[in-house]
Amino acid sequence: MSDNFPPPPPEQPQPEHLPPAGAHPARPSPWAAPPGPPQKQRTGLIVTLAVGGGLVVAGAVVALVHSAMDSVEDSIALPPRSEAPYSEPYEEEPAPEPTATEPDVREDVTIIGCTRDPGIGWQSAKVKVVNGSSTTASYTIMMEFLDKEGVKVAEGGAGVVALEPGGSAVRKAQGVGEVPPGTTCRISDIWRTPSESAG
């Protein structure tokens, strides 16, 4: 028996038959030409280009921001320091002292009433103001209300506007807050300011 085999017959085109469901796929023919080399994919090139482009854009943005910050710093730079000579700070002239002919302002105000409201327990004082100066003046009177031990328990105030020389007015200085029975009234401060006549 000879070792030489006759050459295989040429392949005949066969109609395509789909394998039945569940059958193993047909094996390629041992006489078919080997498949060609696989095509190289371009994924690496695309990734490289994308990363490179992103870095270029980021660099441009950083340069733009840096340039903008430099221009902002230039625009808010402080003006050059003035070369003007140093001058002493302005000092207001002291207010003139009351003259000997002007009576003490405390003599212009007298407490003529000091009562505690029995309903709410608030204290009030009634004061009479007589303008003893030679000019029309406005008065601000501050009151303090003291308990039996002399401790301040409330405050109040009253005012008179444009009182003519020699004129008088009665005002009520109302305290705020409940105080104990037996609370007394005392003037704590008086301001007299020359003012325009109300008439």
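Start at 1 with the first residue, then count along the sequence. Predicted, not measured: the structure shown is a model, and the values here were computed from it.
- In this structure, V129 and L163 have side chains that are in contact, with non-hydrogen atoms separated by less than 4.5 Å.
- Under the 4.5 Å side-chain criterion, counting only non-hydrogen atoms from C-beta, V170 is in contact with I112.
- Nearest approach of Q174 to Q123, heavy atoms of both residues: NE2-O, 3.2 Å.
- Looking at heavy atoms from C-beta onward, R192 lies out of side-chain contact with S138 at the 4.5 angstrom threshold.
- Screening residues 123-145 for salt bridge (charged side-chain N to carboxylate O under 4.0 Å, His left out) gives E144-R186 as the qualifying pairs, with residues at least two apart or on separate chains.
- Under a 4.5 Å side-chain heavy-atom criterion applied to ILVMFWY residues, the cluster that includes W191 comprises M142 as well.
- Remark: E155 pairs with K152 by the side chain to side chain contact (heavy atoms under 4.5 Å, CB included) rule, at least two apart or across chains.
- Taking the side chain as every heavy atom from C-beta outward, S195 and V161 never approach each other to under 4.5 Å.
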Under 3.5 Å, which donor-acceptor pairs do the side chains of residues 177-185 form with other protein atoms, sequence neighbours left out?
unit_1, atom_1, unit_2, atom_2, d
T183, OG1, P180, O, 2.6
T184, OG1, L146, O, 3.4

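- Identified under the disulfide bond (SG atoms under 2.5 Å apart) test for residues 120-157, with sequence neighbours left out: none.
- For residues 126-178, no pair satisfies disulfide bond (SG atoms under 2.5 Å apart), with sequence neighbours left out.
- Apart from W122 itself, the hydrophobic cluster it occupies contains I120, V176, where clustering links Ile, Leu, Val, Met, Phe, Trp and Tyr at side-chain heavy-atom distances under 4.5 Å.
- Closest heavy-atom contact between Y139 and V130: OH-O, 4.0 Å.
- Partners of P165 according to the side chain to side chain contact (heavy atoms under 4.5 Å, CB included) rule, which considers only residues two or more places apart in sequence or in another chain, are N131, T136.
- For residues 120-173, no residue pair satisfies the disulfide bond (SG atoms under 2.5 Å apart) rule, not counting sequence neighbours.
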